[in-house]
Protein chains: 2
Amino acid sequence: MARTKKNKDTEGEILKAAKGVFQKKGMDGARMQEIADEAGINKAMLHYYYRSKQLLFEAVFSNAFSLLAPQLNKVLNDDSSIEEKVKNFTSNYISFISKHPYLPNFIIQELNRNPKFFEKIQQTAAFPTLEKFKSQVAAEVEEGILKPIDGEQLFINIISLNIFPFVATPLIKGFLKIDDKGFKQLMEKRKTAVSEFIINSIKK
Amino acid sequence: MARTKKNKDTEGEILKAAKGVFQKKGMDGARMQEIADEAGINKAMLHYYYRSKQLLFEAVFSNAFSLLAPQLNKVLNDDSSIEEKVKNFTSNYISFISKHPYLPNFIIQELNRNPKFFEKIQQTAAFPTLEKFKSQVAAEVEEGILKPIDGEQLFINIISLNIFPFVATPLIKGFLKIDDKGFKQLMEKRKTAVSEFIINSIKK
DNA sequence: TTATGGTTTAACCATTTGGTTAACAAATAT
DNA sequence: ATATTTGTTAACCAAATGGTTAAACCATAA
């Protein structure tokens, strides 16, 4: 039974507000009252719809992860060549994250806080697997398209180069002495610079 | 007047305990009581020596950062070639971090929580600068030793490849389906794999 | 031996925080 | 129209938490 008209989707408002607060402050730093204020509703509603802070947090976390997973699946499971994948992923991922700047750090941070979350999300949703990517790398190495490289290491390299700057943004801004605008420009350049860097390294 | 004998260095014990707790749980997640317990002393002592949670935290943070800065200065300011620097840094850094696994994530996380920390530490200690590294890269490109690459982008690439796996350890363990031992082996391989990857990409 | 000053502790305090409750309002069903 | 379920609120509560205090402890100097 779909929602019967109803202009206020309180449950959705809460999730949206919770997303913002949790992603900025983390589980420990977030306050239920702040989420309620952000959503413009009474604090008791949070518990009415989500029972507890923990459960609300998990809803936000799953939601966030399910945004990232398809991005990863793109590198791992489509049928283009490794070179194509690297190019597409790098450009797409940087565009995507620029719209969700808190996402990577949020996921990494909370996964560090509670590694068991991984198991919980692993079961749900289309969870990325490395198998295909690894065998594809091995095949292209065999065919002489790529220099010898381990698929796992290459995978780590790709995500490191793409994700790290968004996780360590304040650090990079500090070292490079740039502001928000400068950072954006830098990331814009990285859309091609990173894939060139990778391709240069692995292509025979 | 130096410390007069005295077997108990309470102040030091507190810092040590605070280091452990703050690095594992972050500013928000850490509890003063837990730090006191860890140090085996009364909670009031924390305030006696460090006034407040905030000040104790800052002591820990500065201390942590001052461990990392020299590592970075090594890449940035010594006189070896870029290739040498990359090789040395990669190997040294991975060894170093294996001994302080919480360090990178702690710094990044708390810098995200409060970007103003950067200014505070920037003034103290031998703070890493990029200038020399950038001009050296430009020079080696000019001389035809390196393929054309921007020094800033190369810097970001180097630290991304080296630091990210330690920041996103649970994520990587999850994707690669490996345990602690497997992760250590993987990082051991990276001591050479990462520098090869970089050198392959930039050397003419 | 006894002041003296720094060190340590147990008890306490005010505030914050996640969570509950009971009453009330607004739909929805009968 | 009226009963019943669903949504919403203000007030409340117990536990946790950072911080304080006053008294005790203890080494050293007079």
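We name chains A, B, ... by the order of the sequence lines, and we start the count at 1 in each one. Every value quoted in this text rests on a predicted model; they were computed, and no experiment measured them. Hydrogens, waters and symmetry mates play no part in the numbers below; they use all other heavy atoms, side chains included.
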Query raised in the report: Would you say D:dT8 has OP1 or OP2 under 4.0 Å from some side-chain N or O of A:Thr10?
Result: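 Looking at the OP1 and OP2 atoms of D:dT8, one of them is under 4.0 Å from a side-chain N or O of A:Thr10.
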Query - Side-chain N,O (A:Tyr48) to OP1/OP2 (D:dT9) below 4.0 Å - result: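 Result: no.
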Whole Å only: how far is the [atom1] atom of [X] from the [atom2] atom of [N]?
X: A:Asp37; N: C:dT16; atom1: CG; atom2: C1'; answer: 14 Å
X: B:Asp9; N: C:dT7; atom1: CG; atom2: P; answer: 11 Å
X: B:Leu55; N: D:dG18; atom1: CG; atom2: P; answer: 14 Å
X: B:Met45; N: D:dT21; atom1: CE; atom2: C1'; answer: 15 Å
X: A:Tyr49; N: D:dT6; atom1: OH; atom2: P; answer: 11 Å
X: A:Tyr50; N: D:dG7; atom1: OH; atom2: C1'; answer: 15 Å

Query - Side-chain donor or acceptor of B:Tyr50 paired with backbone N/O of B:Glu11 under 3.5 Å - result: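 Side chain of B:Tyr50 to backbone of B:Glu11, a donor-acceptor pair under 3.5 Å: yes, one is there.
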**Report entry** Side-chain donor or acceptor of A:Glu34 paired with backbone N/O of A:Val21 under 3.5 Å
**Finding:**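 Between the backbone of A:Val21 and the side chain of A:Glu34 there is no qualifying donor-acceptor contact (under 3.5 Å).
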Query raised in the report: Are B:Leu72 and B:Ile159 side-chain neighbours, meaning at least one heavy-atom pair lies under 4.5 Å?
Result: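 When only atoms from C-beta onward are counted, B:Ile159 and B:Leu72 do touch, with a gap below 4.5 Å.
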All N/O contacts under 3.5 Å from nucleotides 17-21 of chain C to the protein, with atom names and distances to one decimal?
unit_1 : atom_1 : unit_2  : atom_2 : d
C:dT17 : OP1    : A:Arg31 : NE     : 2.6
C:dG18 : OP1    : A:Ala30 : O      : 3.4
C:dG18 : OP1    : A:Arg31 : NH1    : 3.1
C:dG18 : OP1    : A:Lys53 : NZ     : 3.2
C:dG18 : OP2    : A:Met32 : N      : 3.1
C:dG18 : N7     : A:Lys43 : NZ     : 3.4
C:dG19 : OP2    : A:His47 : NE2    : 3.2
C:dG19 : OP2    : A:Lys53 : N      : 2.7
C:dG19 : N7     : A:Lys43 : NZ     : 2.6
C:dG19 : O6     : A:Lys43 : NZ     : 2.5

**Report entry** SB check B:Arg113 B:Glu110 (cutoff 4.0 Å)
**Finding:**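 Salt bridge: yes.
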Query raised in the report: Can you name the residues that form a salt bridge (charged side-chain N to carboxylate O under 4.0 Å, His left out) with A:Lys53, not counting sequence neighbours?
Result: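 Applying salt bridge (charged side-chain N to carboxylate O under 4.0 Å, His left out) to A:Lys53 gives none.
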**Report entry** A:Lys191, A:Arg190, A:Gln185 screened by side-chain hydrogen bond (donor to acceptor under 3.5 Å, both in side chains) with A:Glu188, the one that passes
**Finding:**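 Going through A:Lys191, A:Arg190, A:Gln185 one by one, the side-chain hydrogen bond (donor to acceptor under 3.5 Å, both in side chains) with A:Glu188 is satisfied by A:Lys191 alone.
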